[in-house]
Each structure stands twice: as C-alpha cells, then as structure tokens.
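Okay, so here's the structure we're looking at.
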Number of protein chains: 2
Amino acid sequence: MTDRRTAILEAAARTIARRGVRGLRTEELATEAGVSTALVYYHFKDRAGILRHTLEFITHRAKQHSLAPQGTDDPLDPRELLAMALQLEFQDLPEVRENTTAWGELRASAIFEPDLREVLATASAAWVRHVAGLLTLARPTASTAELAASAERLTALREGLDARRLSGVLRPDHARELLGEAIEVELAHLTAHARP
Amino acid sequence: MTDRRTAILEAAARTIARRGVRGLRTEELATEAGVSTALVYYHFKDRAGILRHTLEFITHRAKQHSLAPQGTDDPLDPRELLAMALQLEFQDLPEVRENTTAWGELRASAIFEPDLREVLATASAAWVRHVAGLLTLARPTASTAELAASAERLTALREGLDARRLSGVLRPDHARELLGEAIEVELAHLTAHARP
DNA sequence: GTCTATAACGGGATAGAC
DNA sequence: GTCTATCCCGTTATAGAC
C-alpha cells in the first residue's frame, strides 16, 4: 500500500484472480490500483512484464503466508503443519485465495509464454523443498528420494485439485477431503519404505 | 476429415494445443482448417461456441482412445490397463498429446467461462468412473467409496502433473515416474483398506 | 454451405505535459 | 513519477453474393 508499484501488483493479483490472465485488461488493473494505465506501463514495460512481476509478487507473498500462518499460537505436530501448508487456500484470508487462483492462471499461461517459466520453476522448486522438509519432520527415517517424490506428488495433487475445484468440477469440501486423505496415504507409504 | 464441421473442430484442437485458448485466433483456426472465418462462425456462432464444441469434440475423441488404445494385441492385467489409461499422453499419437494440452487449457478457461462448466463436469465424472472401474478390476475387495476416492486423486494428480510438465516445471520422464509410483501407492492403500 | 470483403470495436501501448 | 489524451493495430463478427 505504501508505494504505487506495490499497489499495482496487489491490484494485478486481485484482477487476475477475478478475471483470469486472458481477462486481464490494463485499464481495469489501473483503475483497481487507483492509477493511470500509463503508470502501469512505466513500471512494468508491457503486458508480459506485468505478468512476470505479478508472478514474483504472489510467490513472495505466498512464502510469507506459509512461514507465518495466521491463528497459530500453539506449536503443531508435523502432520498438522503439513495439512496447514497444503490446505492453506481453505483459510478465509482473501489474499491466500487470490494467490491460489492467480498461481493457477499464471502457471497455465507459462505453457505458452516462456518468459514466465524461469520464475515459475524457481518458485516451484522452493515450494517442493518446503513440503519435503515438513514431510521429513513427520517421517525422519524415510529416504530422501522418497520424501522428495512424496512432496512432488502432494504438490501436483494439490494443484490439480485446486484447478478442478476452481473450474467447478469438484466441490470445495470434497477437494479438501481428498487432499487430507492423500497426506495420510503418502505418510503410510513413507512409513512402509523407511530407511533401514 | 469428411465434413468441414469436423475439420474445423480438429483444427481447433490442434490450434488450442499449439497456442492456448488465449492465443486462439479465428483466422488462424480457419486457415488451419482450410476454410473461411465466416464458415467457422456459421457453424459455431461465436468464440464461446467454438470453445464449447471443441471441448465436446476432444472429450469424445479421448473416450475412443482410452477404450481402444493402439498397439494392444494381448490382454493386459488390470494394473497395466490403469497405467495405460492414466499415462495415455505419453503415447506418441499427436491427437493424444493435443487432447491433453487442449483439455488443460479448456479446463483452465472454464474457471472464468461458465459456458464450459457443464460439459466439463459431465466429461470429468465419466472419466473418474472409468478409472474407478479399472481400479475395481485390480482391487475387487476394496470399498466403493475408497475406490472412487482413489480414482479422483489419481485423476487430479495426473492433471496436476500434466500442467507442471507442460509449463516446464517437471521433466516428462519425471512426471511419468511420479504417476506410476502414485498408482502403486494407491493400490497399496486399497489393499490395506479391503472390505471385510 | 461457403466465400470475399469489410464493419466495428476492444484494448495494448505511447506522446508529451506537468 | 504520474497524468490526460489518443493512436492504431489486431481480432471478432457480420453483410451479402454465389
């Protein structure tokens, strides 16, 4: 909220979450941010620049949310930490929901816009490591490779469930339930494959 | 190839797979199909109509591929049937790859275009039932609810992996490997939860 | 059913002042 | 850094002939 540049990025995340990347209009974005379209181009050069910086912005914001989730005074056990990290989007915080929707949109856009791929790959790798770390707390005896594979499956599953939920294929509570079960299934798998 | 209408739909699937929904231009589509833009609008009314009918078209085409996969003379065991159904996109058939990419694009579009949701939901439900049927062959003693949940998780995971692979986050062979392991993990889970 | 030609418009991007 | 005003191009969609 301090500088205009940040206000534009916040507005971009909101607008992409509301209209999608295809529905993003520079003018609507500018109005939403309370600035002129010219200023948007001054800060971000062109449409591709807007998308790239917005992806960086929501990545940064998501990191803060997952490191300091709201409403957690008591220490949690590893399984709860994992569930919270993966089911973050079911919190009521608007920014969190925006992040989920915008992330899905920008990831889908990256298929046809190579500019976004690098940022996306870096952010994804960091996220998967984060989840692998939480899994390690829950299953310290599992092999590193199995922990990494479980983290990648849970991440991809979460994204797939988000996409299905947002497109109306899956009901929100059902998506959440399926993800919760998947965590249990993966934890059971890691127990069965503990390192000797 | 027989009628022009079908040629347009085939061209639409190809073009969406190549350029995405956002990159779909009526004129490029018409050229690809070897017809005029006016004819496209004559058959499908408007842009939304093109998208909706293309979604129906690839759904229909995918059904045929999964019911009669190529290169399968010998009977397969249930586990192999499952792997083939879920990893269909790793076949070399161009139409199959087109279907996967276009499906992801159209599902993502459905988040902001309610017109697509009904077709999408129907197709998804049929697909999940198909996978649940294959799982039943492999684990006849598992409960119906657990079989359905596994089918939904594997479907969402496959779509999530596809999205990550297509956006360059995951290498193709790695995506395939993760899906193969997931099948094993779910089968083990269903064994552990067999109906008494 | 299918074409050619074109209307109509949305929206990305910039010039230039302050 | 920020605005107002505007250009101009690409794209959707249609009119009308065959």
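In what follows, chains carry the letters A, B, and so on, assigned in the order in which the sequence lines appear, proteins first and then strands, with residues in each chain numbered from 1.
- Grouped by direct or indirect side-chain proximity (heavy atoms under 4.5 Å, Ile/Leu/Val/Met/Phe/Trp/Tyr only), A:I111 sits with A:F112, B:L166.
- Partners of B:A33 according to the side-chain contact (heavy atoms from CB on, under 4.5 Å) rule, which considers only residues two or more places apart in sequence or in another chain, are B:I8, B:A11, B:V35.
- Remark: nothing in residues 15-30 of chain A comes within less than 4.0 Å of DNA chain D through any heavy atom.
- Between B:R176 and B:D173, no side-chain nitrogen of the basic residue sits less than 4.0 Å from a carboxylate oxygen of the acidic one, so the salt-bridge criterion is not met.
- Tested against A:E98, the residues A:R61, A:R18, A:R14 include a single salt bridge (charged side-chain N to carboxylate O under 4.0 Å, His left out) partner, A:R61.
- Remark: B:H60 pairs with B:Q64 by the side-chain contact (heavy atoms from CB on, under 4.5 Å) rule, at least two apart or across chains.
- The two residues B:L179 and B:L86 have their closest heavy-atom pair at CD2-O, 3.5 Å.
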I'd like a list of close polar pairs between nucleotides 3-5 of chain C and the protein, N/O only, cut-off under 3.5 Å.
| unit_1 | atom_1 | unit_2 | atom_2 | d |
| --- | --- | --- | --- | --- |
| C:dC3 | OP2 | B:S36 | N | 3.0 |
| C:dC3 | OP2 | B:S36 | OG | 3.1 |

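- Screening residues 134-151 of chain A for salt bridge (Lys or Arg N to Asp or Glu O under 4.0 Å), with sequence neighbours left out, gives no hits.
- Screening A:V169, A:L170, A:L161 for a side-chain contact (heavy atoms from CB on, under 4.5 Å) with B:E152, the sole residue that qualifies is A:L170.
- Using a 4.0 Å cutoff on non-hydrogen atoms, the parts of residues 40-47 of chain B near DNA chain D are B:Y41, B:D46, B:R47, ordered by number.
- The salt bridge (Lys or Arg N to Asp or Glu O under 4.0 Å) analysis of residues 99-119 of chain A, with sequence neighbours excluded, yields the pairs A:R107-A:E159.
- Taking B:T122 as the reference, nothing meets the side-chain contact (heavy atoms from CB on, under 4.5 Å) condition, with sequence neighbours excluded.
- Residue B:V185 shares its hydrophobic cluster (ILVMFWY side chains chained together at separations under 4.5 Å) with A:V185.
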Name every donor-acceptor pair, under 3.5 Å, that has one atom in a side chain of residues 20-27 of chain B and the other anywhere in the protein, sequence neighbours excluded.
| unit_1 | atom_1 | unit_2 | atom_2 | d |
| --- | --- | --- | --- | --- |
| B:R25 | NH1 | B:R22 | O | 3.2 |
| B:T26 | OG1 | B:Y41 | OH | 3.0 |

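- Between B:D3 atom CG and C:dG1 atom C1' the separation is 11 Å, expressed in whole Å.
- Listed in residue order, the members of residues 108-119 of chain B having a heavy atom less than 4.0 Å from DNA chain D come to none.
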